[in-house]
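Inspection log for the structure reproduced underneath, given as structure tokens.
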Amino acid sequence: MLAQERFEKILELLRVEQSVTVTELTEKLNISESTIRRDLTALDQQGLLIKVYGGATAVKSVLAREEAVAQKSGKNLKEKQEIAKYASSCILPGDFVYIDAGTTTELMVDFLGKKDVTYVTNGISHARKLMNKGSRVFLLGGEIKAVTEAIIGEDALEDLEKYNFTKGFFGTNGVDQISGFTTPDLKEAAVKRKAAEHCSQIFVLADHSKFDQVSPVKFADLKDAVVITDQLENKKYQKLTTIKEVFS
């Protein structure tokens, strides 16, 4: 098979799947792993795909731009509310819970009752809502990121070191088979990663629009979290992690 023909087949698979692994390509194209890796490098250099560890993702799936909270809050609202409602039901009396900044995680607060639960968050609006509901809540210290209204930076990372959470609930900008959970901002990703490291159970709240999308910075692997979503279109994810669909 000529190089150009291989390139076309790889790009066609990416158009359909959004991400592919080296193993999948070797099986589908019946080509050696070393040849596939060279092809991916060549296509990456041409800007036709994004080469990542173990495979590649489609160029169109890279989301470097971060939308403001006001812009994101109205998107897929019904789906986000159902996801948030289910996520809130996972919290039990006695839990010590981390809630990540984000529009879907903020909706969780609306469904939380007065349980014997303590919350820690880096979301300013989350902390205010929890306080107004009479919950015991701690807000991380640090730099305020205006776009997402999240607390980030070295002080936030230092604060997280002292906590051990029973459960953590996280937002994400992208969910991908190869790249895992990703977000545009390096500092915000660092806070997500550190908080996740201190959680016994990790839940990621992601509506269907987040799947097969990749942002620049990874904060967790798929296998590390239960994903709560509205409806899963790409069933391959079920083989990689635990998925809870709130709409069937």
Side-chain angles (χ1 to χ4, degrees), residues 63 66 69 72 80 83-84 86-92 94-109 111-112 115 117-131 133 135-176 179-207 210 214-229 241-242 244:
L63 308 171
E66 180 89 68
V69 171
K72 292 193 290 186
K80 288 179 178 179
I83 291 168
Y86 179 85
S88 69
S89 73
C90 298
I91 298 175
L92 302 175
D95 273 336
F96 184 43
V97 177
Y98 180 79
I99 301 183
D100 180 36
T103 55
T104 310
T105 51
E106 183 179 352
L107 288 170
M108 278 182 65
V109 181
F111 298 99
L112 295 174
K115 299 177 181 177
V117 178
T118 299
Y119 299 95
V120 176
T121 183
N122 72 323
I124 296 172
S125 57
H126 302 44
R128 185 185 302 111
K129 279 188 173 183
L130 285 163
M131 178 188 67
K133 289 177 74 74
S135 299
R136 188 171 187 233
V137 56
F138 294 88
L139 179 65
L140 297 183
E143 175 189 351
I144 299 175
K145 182 182 174 185
V147 175
T148 57
E149 299 179 8
I151 304 294
I152 58 173
E154 291 299 324
D155 288 339
L157 295 175
E158 187 175 338
D159 265 3
L160 284 166
E161 287 290 354
K162 63 191 176 188
Y163 295 122
N164 292 295
F165 307 107
T166 56
K167 291 166 185 164
F169 297 84
F170 297 83
T172 186
N173 293 73
V175 184
D176 181 75
S179 300
F181 303 109
T182 56
T183 194
D185 186 83
L186 191 64
K187 288 184 178 180
E188 195 155 4
V191 173
K192 289 175 183 285
R193 190 181 304 114
K194 177 63 70 175
E197 289 172 359
H198 287 253
C199 294
S200 294
Q201 284 184 282
I202 302 169
F203 299 85
V204 173
L205 283 55
D207 67 75
K210 304 295 179 64
V214 179
S215 282
V217 192
K218 177 179 178 178
F219 65 89
D221 291 318
L222 284 182
K223 63 180 178 60
D224 294 335
V226 174
V227 182
I228 306 174
T229 188
T241 192
T242 303
K244 173 60 186 177

If you take the centroid of each ring, where Trp contributes its six-membered ring, are Tyr86 and Phe111 closer together than 6.0 Å?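 Not under 6.0 Å, so no.
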Could you tell me the separation between the [atom1] atom of [X] and the [atom2] atom of [Y], rounded to the nearest 0.5 Å?
| X | Y | atom1 | atom2 | value |
| --- | --- | --- | --- | --- |
| Gln201 | Ile91 | CD | CD1 | 11.0 Å |
| Leu157 | Leu140 | CG | CG | 9.0 Å |
| Thr118 | Arg136 | OG1 | CZ | 4.5 Å |
| Leu139 | Ile124 | CG | CD1 | 6.5 Å |
| Asn173 | Lys210 | CG | NZ | 6.0 Å |
| Asn122 | Leu160 | CG | CG | 7.5 Å |

Which heavy-atom pair separates [X] from [Y] by the least distance, and what is that distance?
| X | Y | result |
| --- | --- | --- |
| Gly153 | Val191 | N-CG2, 4.1 Å |
| Ser215 | Thr182 | N-OG1, 2.8 Å |
| Pro184 | Pro216 | CA-CD, 3.7 Å |
| Cys199 | Ala195 | SG-O, 3.2 Å |
| Ala189 | Thr183 | CB-CG2, 3.5 Å |
| Ala101 | Lys192 | O-NZ, 4.3 Å |

Residue pairs involving residues 137-163 (criterion ring pair (Phe, Tyr, Trp, His ring centres under 6.0 Å); sequence neighbours excluded): Phe96-Tyr163, Tyr163-Phe165
Treating [X] as the side-chain partner and [Y] as the backbone partner, does any N or O pair qualify as donor plus acceptor under 3.5 Å?
| X | Y | result |
| --- | --- | --- |
| Thr241 | Ala225 | yes |
| Asp155 | Gly142 | no |
| Asp159 | Gly141 | yes |

Given side chain to side chain contact (heavy atoms under 4.5 Å, CB included), test Ile144 with Ile151 step by step and report yes or no. CA-CA 5 Å; Ile144 299 175; Ile151 304 294; 3.6 Å; yes
For [X], check side-chain contact (heavy atoms from CB on, under 4.5 Å) against everything at least two apart and list the hits.
| X | value |
| --- | --- |
| Val137 | Tyr119, Thr121, Ala127, Leu130, Met131 |
| Ala220 | Phe181 |
| Ser125 | Glu106, Arg128, Glu149 |
| Val226 | Phe203, Thr242 |

Any residue meeting side chain to side chain donor-acceptor pair (under 3.5 Å) with [X], in chain and number order, not counting sequence neighbours:
| X | answer |
| --- | --- |
| Asp95 | Thr166, Lys167 |
| Ser200 | none |
| Thr105 | His126 |

Heavy atoms, side chains only, cut-off 4.5 Å: are Asp100 and Tyr98 in contact? yes
List in chain and number order the residues that pass salt bridge (charged side-chain N to carboxylate O under 4.0 Å, His left out) with Asp221, two or more places apart in sequence or in another chain; answer none if no residue qualifies.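 Asp221: salt bridge (charged side-chain N to carboxylate O under 4.0 Å, His left out) contacts with Lys218.
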Apply salt bridge (charged side-chain N to carboxylate O under 4.0 Å, His left out) to Glu143 and list each qualifying residue two or more places apart in sequence or on a separate chain. Lys187
Evaluate Lys80 against Thr103 for side chain to side chain donor-acceptor pair (under 3.5 Å), listing each step before the verdict. CA-CA 8 Å; Lys80 288 179 178 179; Thr103 55; 3.2 Å; yes
What pairs meet the salt bridge (charged side-chain N to carboxylate O under 4.0 Å, His left out) rule with one or both residues in residues 195-206, with sequence neighbours excluded?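 Of all non-adjacent pairs touching residues 195-206, those that pass salt bridge (charged side-chain N to carboxylate O under 4.0 Å, His left out) are Lys194-Glu197.
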Does Leu92 have more than 12 heavy atoms from other residues, nucleotides or ligands lying within 6.0 Å of its CG? yes
